[in-house]
Amino acid sequence: MVKAVVLGAAGGIGQPLALLLKANPLVTELGLFDIVNTPGVAADLSHISTPAKVEGYLPPDEGLKKTLTGADVVVIPAGVPRKPGMTRDDLFKINAGIVKDLATGIATTAPKAFVLVISNPVNSTVPIVAEVFKKFGVYDPKRLFGVTTLDVVRASTFVAEILGDLSLSKDVVVPVVGGHSGVTIVPLLSQSSHPLPSGLAKESYDALVNRIQFGGDEVVKAKNGGGSATLSMAYAGAEFAAKVIRAVKGEKGIVAPSYVSVEADASGSAALTKELGEELAYFSSNVELGTEGVVKIIPLGKVSEAEQALIKAAIPELKKNITTGVNFVAEAY
Ligand code: NAI
């Protein structure tokens, strides 16, 4: 029995994500919460012939509490998306408050749930959830994840495009490490399961890195004020949630990229610190999942000189983002 919950379920990401979770045969209960429209979304999804029983709640009458009761996996895409010209950090003021309130609900109603944060800026919202959980004495770093899967999905697609065969994209695996915004997104293309064409010009390599880092901007621009990535994000979020659910159900050896606290695995984080030459409180890298969440943070391994430079550029920004999240909660209490 697995109860999955989506907070922000009526939104651009929330609706298709809820659809994909309803289509996941391992999900037996699906709880949907938003400040608008969840009863309609839930009624609609409930007619789909898959096992999950769907319920949708709104804020009055303890809707958040009812949605979260018994939750195993909670995915959070609640908040506002970017408009053209905005960075993910511009969203901070609004989304930080929303995420803090939802984290408070999880801490009091479903403190053992696995929490998957999509709301941007992920580099800061994950520390916000952690700090709220600490206030309530329920923090387990192994159970908190920032969803960076879209960066990995984009990297697979863009590399397959360069290789001239989109049918490869489902098999191309590129580790993407660091964080989830702009320069903090570091694709380790030298470790791609499908090597880039030999002799790829430096300009083409740089353009590929830039496209993976700023791929979200392409969508924001194309939607022209209508928001940011929703469908590709829902796909990526559902992929990641499915891996967490399979791991929780006992499947071994599942590895997924995610932005996690280095406290989730002491030996993995020690190796990571050695590689980075600095200690960071949160970092995204491949993570092995198990029934209790993070089993292992997988170190970066061999990186190229160009990737080393990207990592170096990511660190100061990432540190700043983490501090912003931590301070927000400290000032709120
Ligand atoms: P949207 O505006 O379409 O949907 C957001 C939903 O959140 C709305 O239905 C809204 O009513 C709901 N909401 C607002 N306050 C809430 C609260 N207190 N409790 C529950 N629900 C609440 O936005 P969209 O496009 O779905 O994006 C959502 C978030 O996901 C944004 O922060 C966006 O930046 C982020 N995002 C993250 C990505 C990632 O890779 N991690 C990729 C793309 C977007």
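Both counts, for ligands and for their atoms, begin at 1 and track the order of listing. For this chain, numbers begin at 1 and follow the sequence in order.
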Ligand 1 to Thr230 polar contact by distance, N or O atoms, under 3.5 Å: no
Exercise: do Thr230 and Lys223 side chains pair donor with acceptor under 3.5 Å: yes
Can Asp151 and His180 be counted as having a side-chain donor-acceptor contact under 3.5 angstrom? yes
Could you go through the side chain to side chain contact (heavy atoms under 4.5 Å, CB included) check for Val147 and Met233 one step at a time? CA-CA 9 Å; Val147 181; Met233 180 59 239; 3.7 Å; yes
Salt-bridge criterion met for Asp140 and Lys112 (N-O under 4.0 Å): no
Would you mind listing which atoms of ligand 1 come within a distance below 4.0 Å of any non-hydrogen atom of Leu91? 34 (O)
Option from Thr50, Val6, Val2 for which side chain to side chain contact (heavy atoms under 4.5 Å, CB included) with Leu21 holds: Val6
For atom 42 (C) of ligand 1, the protein heavy atom that lies nearest, with its residue and separation: Met233 SD, 3.3 Å
Between Lys252 and Glu288, does any side-chain N to carboxylate O distance fall below 4.0 Å? no
The protein heavy atom nearest to atom 9 (O) of ligand 1 is Asp34 OD2, 2.7 Å
Considering non-hydrogen atoms of the protein only, which is the closest contact for atom 16 (C) of ligand 1, and what is the distance? Ile98 CG2, 3.9 Å
With the threshold set at under 4.0 angstrom, would you say Val80 reaches ligand 1 through any of its heavy atoms? yes
Out of Gly216, Pro81, Gly79, Gly226, who is nearest to atom 5 (C) of ligand 1 when you count heavy atoms only? Gly79
Closest to atom 34 (O) of ligand 1 among protein heavy atoms sits Asn120 ND2, 3.1 Å
For ligand 1, note which part of Asn37 has a heavy atom under 4.0 Å away: side chain, backbone, both or neither. neither
closest protein heavy atom to atom 41 (N) of ligand 1 is Ile118 O, 3.1 Å
If we only count N/O pairs under 3.5 Å, is Leu7 in contact with ligand 1? no
Take Asn321 and Thr184, measure what side-chain hydrogen bond (donor to acceptor under 3.5 Å, both in side chains) needs, and give me the verdict at the end. CA-CA 10 Å; Asn321 296 161; Thr184 69; 5.1 Å; no
Could you identify the single nearest non-hydrogen protein atom to atom 4 (O) of ligand 1 and state the distance to 0.1 Å? Gly11 CA, 3.2 Å
Has the side chain of Thr125 got a donor or acceptor atom that lies under 3.5 Å from a matching backbone atom of Ser119? yes
Pro77 to ligand 1, any heavy atom closer than 4.0 Å: yes
Please classify the Asp151 to ligand 1 contact at 4.0 Å (heavy-atom distances, strictly less than): side chain, backbone, both or neither. neither
Could an N or O of ligand 1 be found under 3.5 Å from any N or O of Ala229, whether backbone or side chain? no
Validation row: Phe158, Ser169 side chains within 4.5 angstrom (heavy atoms): no
Identify, for atom 3 (O) of ligand 1, the protein heavy atom at the shortest distance, and state residue, atom and that distance. Gly12 N, 2.7 Å
Are any of the N/O atoms on Ile13, whether in the backbone or the side chain, positioned under 3.5 angstrom from an N/O atom of ligand 1? yes
If we only count N/O pairs under 3.5 Å, is His180 in contact with ligand 1? yes
